[in-house]
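Just so you know, ligand 1 is whichever comes first in the structure, and atom 1 is the first atom listed for that ligand.
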Amino acid sequence: MITKYMDKDTNHRKICGVDMVELAEKYGTPLYVLFEELIESNYKQYQTALTDVYKNHLICYAVKANTTFAILKLLGVLGAGADVASEYELQFTLDAGIPPAKIRANGNCKSKQYLEECIKNGILINVDPEEELDILNETARELGMAAKINLRLAEFPLKHITSPAITTSSEWSKFGIPVQRAKEVLQKVLNLDHLIPNGLMVHLGSQITDMGAYHLVLDELIKLVADAAKIGFDVKEINIGGGCGISYLGKEEWNGIKSKIADTNDVTWANELLGYNCNNEWVSEELYCPFTPDTFIQKLFNDTYTANRTFKERLEAIGLPKIVVEPGRSLVGNAQVTLVRVCHVGTTPSGQNIVHVDAGVNHHSQNIIVPEQLHRMEIANDIDSAASFETFIAGNLCYTGDLLCRIKNMLNGTPKRGDYIIIYDTGAYSDFFASNTNSFPRPAKVMVSKAGKDRRLVKRESLFDVFHRDVDWKKLK
Ligand SMILES: Cc1ncc(COP(=O)(O)O)c(C=O)c1O
């Protein structure tokens with residue numbers, strides 16, 4: 001649990017014992033602040049629950065969620081493996097000392113170099129799409145080696161399980177091999193002499209808050225294991241990917257906001273019906289999640305779906321294949337805040353409150369993917385009034401869509417120029433699209449240790465860092 005309180009002397013917000021205003025002044029804003037304690041406790045929830053319920057498992061941190069060396073080192077020491085999505089993430093992960101046997105290689109468009117590096121390092125490749133099978137077989141032949149593979153499957157009958165942009169195993173997905181073709185593709189693998197068949201893989205999407213989706217897919221996979229065995233494909237591993245959601249807001253609070261949006265009750269930018277389809281069904285992320293990593297694992301294995309047998313019992317019946325999970329958001333999402341500085345407080349021509357801050361949506365990029373994703377925000381320093389203030393929060397980029405959320409935020413007072421705002425739960429995918437839009441430098445990232453000490457992990461870019469790739473400009477320097 002994150003410990004936070006207002007320091008009585010300074011009237012500054014402290015989180016895990018560290019003064020957020022002091023951090024903002026020391027490193028500059030925008031600033032990402034990670035909390036070691038929370039990453040560790042999230043990981044331990046997975047580890048303890050899995051050790052209790054299903055020994056043959058592997059937890060692979062999804063490196064893309066927050067690509068930071070210190071996170072990889074920390075999780076590596078705790079025993080984690082990694083899910084990587086490119087040859088670059090792969091090299092970074094190997095450099096952090098994650099053993100190749102604990103790495104899973106994902107991606108729907110893997111380069112030849114990526115495939116070769118995986119084969120040479122003995123890294124398990126989640127094949128995606130089907131066309132990759134022949135390419136991989138050929139690449140392994142050229143190297144005089146064999147490639148160990150899982151088949152990544154998709155096209156499950158899953159509707160509205162999260163935002164469409166991050167739904168990755170349904171009918172409309174660019175990922176995976178259609179599950180309807182699985183039997184033919186399993187046979188094809190057996191016919192390719194430079195592939196070593198290992199297992200099956202799925203990744204349903206991100207911020208999934210519905211256990212039923214996992215159960216439906218796991219049920220299909222368990223049935224498929226029996227079909228695979230009949231043709232001599234021994235499924236040693238079932239990888240269920242990542243996706244476990246987190247709670248950005250409390251249950252009541254989130255339900256209240258959803259119904260306000262449905263009433264077009266002045267809470268969204270330009271009164272858009274964000275997140276709803278034309279049948280008035282909610283079709284995006286849920287921002288309250290009824291489980292945490294430990295209860296997610298317990299439900300996954302101990303719930304029944306068909307035939308009154310738990311998934312654990314059904315997995316025992318098929319020989320206890322290794323279960324791999326690839327969590328990203330649920331390991332790091334709640335373990336980071338972003339500190340931003342207020343530049344102006346005003347109103348839009350339509351009369352809405354608007355606070356302008358010094359971070360664009362490119363540095364809060366979860367909201368590029370899902371514009372309606374709301375984060376709790378709070379003024380970090382001494383504030384003028386105790387009354388809450390409902391407002392849109394705009395970034396510093398030169399386009400109107402640059403809002404840190406398209407839903408109004410409730411602040412703990414009316415901010416003024418120079419105040420700092422804490423944006424909570426930004427650990428996952430916040431610098432996913434980090435760029436130098438309008439030539440702003442990319443932010444620094446610091447880690448607060450369990451002992452309450454801050455350490456810079458990533459430096460804030462300088463003018464030189466922003467422009468040095470332009471060779472003519474660089475010649476002047
Ligand atoms: C293949 C794969 N595994 C795991 C993850 C992590 O998902 P999450 O952060 O929702 O746990 C992703 C995210 O996109 C992914 O693509």
* Structure fact -> Heavy-atom nearest pair, Asp358 first then Pro30, reads O-CD, 3.5 Å
* Output all residues satisfying side chain to side chain contact (heavy atoms under 4.5 Å, CB included) with Asp431, sequence neighbours left out; order by chain, then residue number. => Tyr32, Ala434, Lys445
* Indicate the ring-plane relationship of Tyr46 and Phe296, choosing parallel, tilted or perpendicular according to the 30° and 60° boundaries. => perpendicular
* Partner set under ring-ring contact (aromatic ring centres under 6.0 Å, His included) for Phe69, not counting sequence neighbours -> Phe92
* Picking from Thr426, Asp425, Thr292, Asn42, what satisfies side-chain hydrogen bond (donor to acceptor under 3.5 Å, both in side chains) with Asn334? -> Asn42
Please give the N or O to N or O pairs under 3.5 Å between ligand 1 and the protein, distances rounded to 0.1 Å.
from	atom 1	to	atom 2	distance (Å)
ligand 1	3 (N)	Asp83	OD2	3.2
ligand 1	3 (N)	Glu326	OE1	2.7
ligand 1	9 (O)	Arg329	N	2.8
ligand 1	9 (O)	Tyr429	OH	2.5
ligand 1	10 (O)	Ser206	OG	2.4
ligand 1	10 (O)	Gly243	N	3.3
ligand 1	11 (O)	Gly243	N	2.8
ligand 1	11 (O)	Gly328	N	2.9
ligand 1	16 (O)	Lys64	NZ	3.1

* Structure fact -> For Trp254, the side-chain hydrogen bond (donor to acceptor under 3.5 Å, both in side chains) test, sequence neighbours excluded, returns Glu286
